[in-house]
Structure formats: structure tokens, C-alpha cells
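Everything below concerns the one structure shown next.
Chain A is the first sequence line, chain B the second, and so forth, proteins listed ahead of strands; every chain is numbered from 1.
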Protein chains: 2
Amino acid sequence: MIQCVKCGQVDGIMKAGYVRAKQRYLCKWCNYYFTHSEKDDSIQSLVKRKRHQTTIIDIAKSLGVSNSTVSRALHGHADISPETRQAVLDKAAQLDYQPNQLAYSLVKSKTNTIGMIVPEFQNQFFPNVIIGAHEVLTEAGYNLTIMQSNESYQVEISNTKAMLANRIDGLLISLTQETNNFDHLSLFAKRGIPLIQFNRVCDQIDVPKVVVNDFEASFQAVEHLILNGYERIAHLGGPLTLQVSQERLRGYRAAMEKYGKPIEDHMIIQGMLTQQKARIYGQYLLELTHRPDAIFAVNDSSAIEIMLMAQEKGISIPDELGVVGFSDNAESAYIGPGLTTVRQPTLHIGRTTAEWILQLVDAEEILLNEKRVLSTELIIRGSSRRCG
Amino acid sequence: MIQCVKCGQVDGIMKAGYVRAKQRYLCKWCNYYFTHSEKDDSIQSLVKRKRHQTTIIDIAKSLGVSNSTVSRALHGHADISPETRQAVLDKAAQLDYQPNQLAYSLVKSKTNTIGMIVPEFQNQFFPNVIIGAHEVLTEAGYNLTIMQSNESYQVEISNTKAMLANRIDGLLISLTQETNNFDHLSLFAKRGIPLIQFNRVCDQIDVPKVVVNDFEASFQAVEHLILNGYERIAHLGGPLTLQVSQERLRGYRAAMEKYGKPIEDHMIIQGMLTQQKARIYGQYLLELTHRPDAIFAVNDSSAIEIMLMAQEKGISIPDELGVVGFSDNAESAYIGPGLTTVRQPTLHIGRTTAEWILQLVDAEEILLNEKRVLSTELIIRGSSRRCG
DNA sequence: AAAAGTATCGGTAACGTTTGCGGAGACGTT
DNA sequence: AACGTCTCCGCAAACGTTACCGATACTTTT
């Protein structure tokens, strides 16, 4: 009945237990264990039959040539006769052939994909950076995979892991407000994957960086307030874990010192600037017994929050309170008397980082610690223009 | 001198041409062709040496087990002893192992990646949709790859090709204003890759769709204008290739007809609504001899453009001109007297499409032609509130 | 006619995973 | 002794491409 699959003997086959719910046998002659597989390939094969995407092999078979010939023909390599090439191309079109980027990337160890991790999508800053980067990358035949860390250090880590798993060719990253450990980033250096920080950068790690001239921008903004007659200027800054926050604070201090204005510590607030936080901080500032007569905020949404609160409290802008923001959001031009703000070259930031990462991808060696500084522009509107 | 690599003979080796700049020989004894490869593996090998990412095989070797054991241990499969599993996990951590998603996807024919193609990033609509979708997808362990067609049909096609090449598990797409051929989309159906259209959908192709109640929203908006005493209402609509435009036009007509207002063809404009176009159309409308007393625009940026032009011309809003937009951009709350507009549930759209595509990815069969309609909300602000 | 050159194609080993199936030992039970 | 059950692990075939190295059939030169 049962026949040994090795020696073909029928006698001397003994049962030898079960394995995975199948009867197992042992042939005494050749001492070979085997299970009797009663193929039930009736329905099974139909169900398991995966949808087949046409591959290079399909083309090769239907043309009676080898896969290497097809591969070369599709890529316009040498060593292919014009007729063969054309036949392959025709057949590929006929079969709706789409190359499998996964297999390509696996063998070439190159994905033609650049990753980008941004902390948030709420402000228009990052979407605009994305537009700029996307433009350059698609032009160069690269894809852009975007992830969003949602201002969470943990999410940022899992994002970087996913990027590594997907074997991206390079990463553009803007850090979270929470991020104060950089081990997940040093992994990229260890693997030789180029990495560029932009906007939210940190100095603790040696990678190329793209930033704006936060110090000068901040200095100019505060100087502008001072020249418009404001005296007691408060600063609503971001968390000092971020270098941008540090730079903008430095600019604020420098301007205040240059013009001999007193710097009062309780007029400087640094923290995570969510909508609610901005409201709390604003409340605090506007209810101080000796109220500031101007506020320089680290982003526009906070500045706008301040303006709305001032409006509620009947504090007139710009007469009783000057406000300057940062980034030039779309709504900043339209609110109240117009919000004076520092315009960032968002598209340019995107393009610069993208062009740079493309260079690094092909580069032999990476010059670490280089920093490219782009220029901002102070947009003066009604919120800071006092006739003074 | 030259020795046959096959039979080892030294005599009877004849030169037999060049192949790829290498001398080629023929052994007369064994009739074997071969090239003499003068290995210059001195520098060559060093340069070509690719950076090695640690693989499962590395772990297996250093532990003296097989790759299958490592694979199973890493994935918590059965048939692995606790000690072995722990040893594998420790070694993986020690070697900074990152799984290669490409190889995984290749063998599993599954990338755990959802693609999304949007026409633009300028308005806040799509970034918000992305936020919603991203949230759901990351929660489910999926990645989101975003591409941007830039309102170009050609770019849309190349984007879909790239998505196919990357073997995404599903696609979320919002069409271009130009798109009027859908062959590139039917490829997905042909390959069994789920596809969902959202916002910019078309009826010519049978796929699941997520939209908002454009007809009702439009009807309500125009009705609101009429109830506020406006009589001659113009419509600044999008291109009629888009179904949203058609629906909003229908809503406009229905409201006008219900209240017996005359519909004048020259007061209905349909076209691509770039910033410049909006200005041109606005110019036209505001300079008609018999000027409309209200304008219902298909998006907020056009509506705002109208408001700014009216302001320039000294036309007061809302007294002489009522304006209603669509989408509730961030700036709409702040401009002038506030722009009345139709708020779209952007986050909800993103979440809905994402949840749906995840279902379809695992589904056996896809119910085509299903459409999910989400609700909008009319946000009434100063631009349409006439004391009338 | 040998030698050299040209043009075109095929075979096959990678790339890093997953997984079905089988091997083998240990131990218990008739 | 014969059989049953369990645990743990290895082999090898996929997945779709690319690229190196040959191989064959010619033509041209010496």
C-alpha cells in the first residue's frame, strides 16, 4: 500500500508517529522517514493562487528568449539587436508589464527613494517644504516617502526604523520638540545612509544641516519693534531643546542688549507651543501687572492667538501691544491689522535639502558638519507699525 | 604561458578574439573558449565593496544556526526553544539588525504600504486629509507614500506607474483637473490592487469613492445668500471635468430655481481656478454692467481673491457684495469681515478613506461603485450676513 | 586559413526573506 | 519491539531582477 518515496519498497514500511497532523512512516530498508501527503489540490490550489503580475520571465517565455535578454532590452543596454529589443518592448506593452521595483531595489541595493520625516502638518511650513523637495526629487527620478512624527519622540523612532527597513537612499528629517536623544539618527551614519537635518536641527550630531538665519531674523524682528518705540518686549519662544529656539532667543537678547533694553527673565517663555499652551502663556503675559508692550513669538499661530486674546481684552494693536510672529502663514496677512512676521523660504528649503541629499547619495564621502543657511525676510504689517 | 582553465594544457592555446576588452583564448584540446582575467583586485575590490547591512544570515552564522531558525525566532513563530529565541533576539540587537522590507515584500507580495496621490499641496485641504489618513494607517502598521501630481495629467500617470512599480497594497487618489482619461486607473483593477477615489472623483470608472455632499452644501450656501437678500448671484465654479464642480453647479441651480431667481449663463463661470484665473474671472464679474450682488465661489482662495478685489474697487462687503467660499481655509476666518464658507471634514475624509482601503486590502472581493458621502457644515461669517 | 574582431544571446549566481516539509532525538505507551 | 507524540531545527525553493561571464555564429583582417 504505502511505498517508500526513496527506495520504492512496499514491505517493511512502519508507522512512525504523526507530524503536523500527517501520518509519518519509516522505511526499514533505507531507514528514511517520510510522510504520506494526500494531495487535496482540488480547491486549495484555486484559493491560494495569487494574482499574477506579469514579470520579465513571462515576456521571456512568450518570446522564447532569456530573462537577461529581456532585462537588457527593457533598459536599453547594449548587446541587443534592434529587432529583439522592439519585440520585447512590444510584448511588454501588450502584457501591461510593470517592473517590480522591489526586486530591482533588492539586487541593486538602491531604492531611488528619499524619505522625509516632519514633526507636523498643521502649519503650512512643512507642506511647503515638501512641495519644494518633491519638485526636485521627481525631476531626478526619485520618489519621496513622507512620514509624520506628530511631535512625538517615540513616533519619530518608529518612523526612522521604518525608513531603515524600507532601505531608503537618504533621509531628510526635521526633529520633534521632544527629541533629545539621537541614537536613532546615528544608525544612519553607521549604515552609510546620508541624512540631512533641516529646520529643527540639533548640534549634538554631525550631519549636514539646512537652516535659516534664525539669529539675524530674530534680531531684525526685535530691532524693528524697538525702532517702532516698543520698550518692554516679551519673547514667546519654543522649547530650548530645539536649536531654532536657542538661536531666536539669542537674536532677541542681542537686539535688546544693543539698544539697552532691560531683559527680564519672566518676560521670556520657552515651551512647547501648541494652541492651548500659547493661550496659557499669552494669558500670563497679558495679565502681568507690568504688562509688556510688545511680544515676539516664535511662530505665527502663537502670535495670532495673542492678537485674538488682546482683541478680547480690548488691548489695541499696534498701539498698546506690538506683535511679531515667525513664518508668514497664509492667514497672517489677513488677520486684524496684519501680522508682522518673518517669512521663511519654505520652497527653497525643500529644494536645497533635496538637491543636497541627491549629491550625498552619489557621493563617495560626506562632508559632515556643513550647514547651509538660507535667508529670511521680515514682512512688516500693521501689528507692529506704531506711528512712533 | 597561458593555461587552459579546463584541461590545464599549455600548448595549443590559440587567441580567439577579444570580448569586452579582454583577450579571449581557445583551447584546441578541449575546444573550450575562455578569457584570461587578469584580476586587478587590488583597489577595485575595495572601491566596489558595498556597505554591508547586517542580515538574518549574519545572525545565523554568528550563532551557528540556520536562517530559518533566525527568521522564525524574530517573528515569534512556533517551533523555537525559548533559549534560542532569546539568543537570536540578543544577537539581533547587538548587531543592530534591521529587517529588509524589500526582501520581505518580494517574497510575501505585500508591501504594507498605501499610496496616495493628491493634485496639490497649496490649499490646506489635502494636507489635512493626509493627517487623517496617516493617523489610521500608522496605527494599523502601514506606511503611507505620498505623491503629488501638481494638477498635471502626465505627472499623475507617471505617479501611478511609480506606485505600481513599488507594488503598493492600495491607492488613494484625488484626480487632476486635467484628467479625463482613466486607463491608468483601470490598471489597478486589472491587477487586483484596491483603489479609492476621494474628493476629486469621476463617475466614468467603477471604484469606491469618498466625497462630501457637494450638492446639498452648495444648495445651502446659495440658499443662505438668497435668504440674506441677495438676488443676482454669480457662480465661480471649477472645471466641469470634475464631478465636484458639476455637483456644486447643480446645487447652485437648484437653489436659484427653488427661489425663482433668474439663472444667467454669463454669471456662471467654470474653469481651472488658479490664483491668476480667479483674478481674471473676478475682474470680469465685478465689471459687468449689471454687476452680481453676490458670488458663490468653489474654493476659498478664489473667494478671498474676490474679496480683495472688491476692497480695491471700493465695493463694500457684505452690503454691496456677498461672498461665500468653499473649504474653510485657515485664513478665511481672519480676512475682512470673515468669509462665509463650507467647512469640509478633511480629517474625517482622510480617516474614512484609510480605514476603507485597509478593509479592501484584506477583502476577498470588492464592492465596486459604492460611494460614501460625508457631511459638510456651512460656516456663516461676515461676508454674507446682510442685515436684510 | 589562421587569427582577430563583432554582434547577439544564454546561464546563473547573487540580493534577503519566508515557509513548507522533512529529519532526528527524547520520551512515553502499548 | 512497535508505535505515538512532542520539540526543535535545517534544507531548499521561491519572490523578480540584474550583471558577470561565457558561448555561438558570423565577418574581417593578416
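- Using cut-offs of 30° and 60° for the angle between ring planes, the Y104(B) and H75(B) rings count as parallel.
- Per the geometry, CZ belonging to R72(B) stands 12 Å off P belonging to dC11(D), to the nearest Å.
- Nucleotide dT18(C) holds its P atom 10 Å from the CD atom of Q101(B), rounded to whole Å.
- In this structure, T55(A) does not reach the dC15(D) phosphate: none of its side-chain N or O atoms is under 4.0 Å from OP1 or OP2.
- If you measure from atom CD of E83(A) to atom C1' of dT8(C), you get 11 Å, rounded to the nearest angstrom.
- Using a 4.5 Å heavy-atom threshold, the side chains of T160(A) and L187(A) count as separate.
- Q101(A) places no side-chain N or O within donor-acceptor distance of the main-chain N or O of A162(B), the cut-off being under 3.5 Å.
- Across all strands, T84(B) comes closer than 4.0 Å only to sugar-phosphate atoms, never to a base (heavy-atom distances).
- Looking only at side-chain heavy atoms (C-beta outward), Q53(A) and N100(A) stay at 4.5 Å or farther from each other.
- With hydrogens and angles ignored, no donor-acceptor pair closer than 3.5 Å exists between the side chain of R167(B) and the base of dG16(D).
- For V107(B), the listed nucleotide lying nearest its side chain is dC15(D); candidates were dT8(C), dC15(D), dT17(D).
- Listed by residue number, the members of residues 59-71 of chain B with any heavy atom below 4.0 angstrom from DNA chain C are S68(B), S71(B).
- dG16(C) atom P lies 6 Å from atom NE2 of H52(B), rounded to whole Å.
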### Task
Please test K190(A) against D96(B) for salt bridge (Lys or Arg N to Asp or Glu O under 4.0 Å), starting from the C-alpha separation and ending with a verdict.
CA-CA 10 Å; K190(A) 205 177 287 181; D96(B) 271 337; 3.1 Å; yes

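- Applying the 6.0 Å contact sphere to NZ of K110(A) captures more than 12 heavy atoms from other residues, nucleotides or ligands.
- Between the D169(A) side chain and the I114(A) main chain, no donor and acceptor come within less than 3.5 Å of each other.
- Side chain of I80(B), nearest nucleotide from dC9(D), dT18(C), dT17(D): dC9(D).
- One finds no side-chain N or O of S105(A) lying less than 4.0 angstrom from the OP1 or OP2 phosphate oxygen of dT17(D).
- Out of dT18(C), dA19(D), dG16(D), the shortest distance to the side chain of K108(A) is found at dA19(D).
- Listed by first and then second residue, the salt bridge (Lys or Arg N to Asp or Glu O under 4.0 Å) pairs involving residues 80-95 of chain B amount to none (not counting sequence neighbours).
- Over its full length, the helix from dA1(C)-dT30(D) to dT30(C)-dA1(D) turns its helical axis through 70°, comparing axes from the five pairs at each end and rounding to 10°.
- As rounded to whole Å, 17 Å separates atom P of dT17(D) from atom CG of N100(B).
- Residues L172(B) and I357(B) form a side-chain contact, since some pair of their non-hydrogen atoms from C-beta on lies under 4.5 Å apart.
- Taking atom CG of residue L164(B) and atom P of nucleotide dG16(D), one finds them 15 Å apart after rounding to whole Å.
- Dashed line: the shortest gap from a side-chain N or O of Y97(A) to OP1 or OP2 of dT17(D) is under 4.0 Å.
- Side-chain proximity of D79(B) to the nucleotides dC8(D), dC15(C), dT8(C) is greatest for dC8(D).
- Distance alone, capped at 3.5 Å, is enough to place a donor-acceptor pair between the H134(B) side chain and the Q148(A) backbone.
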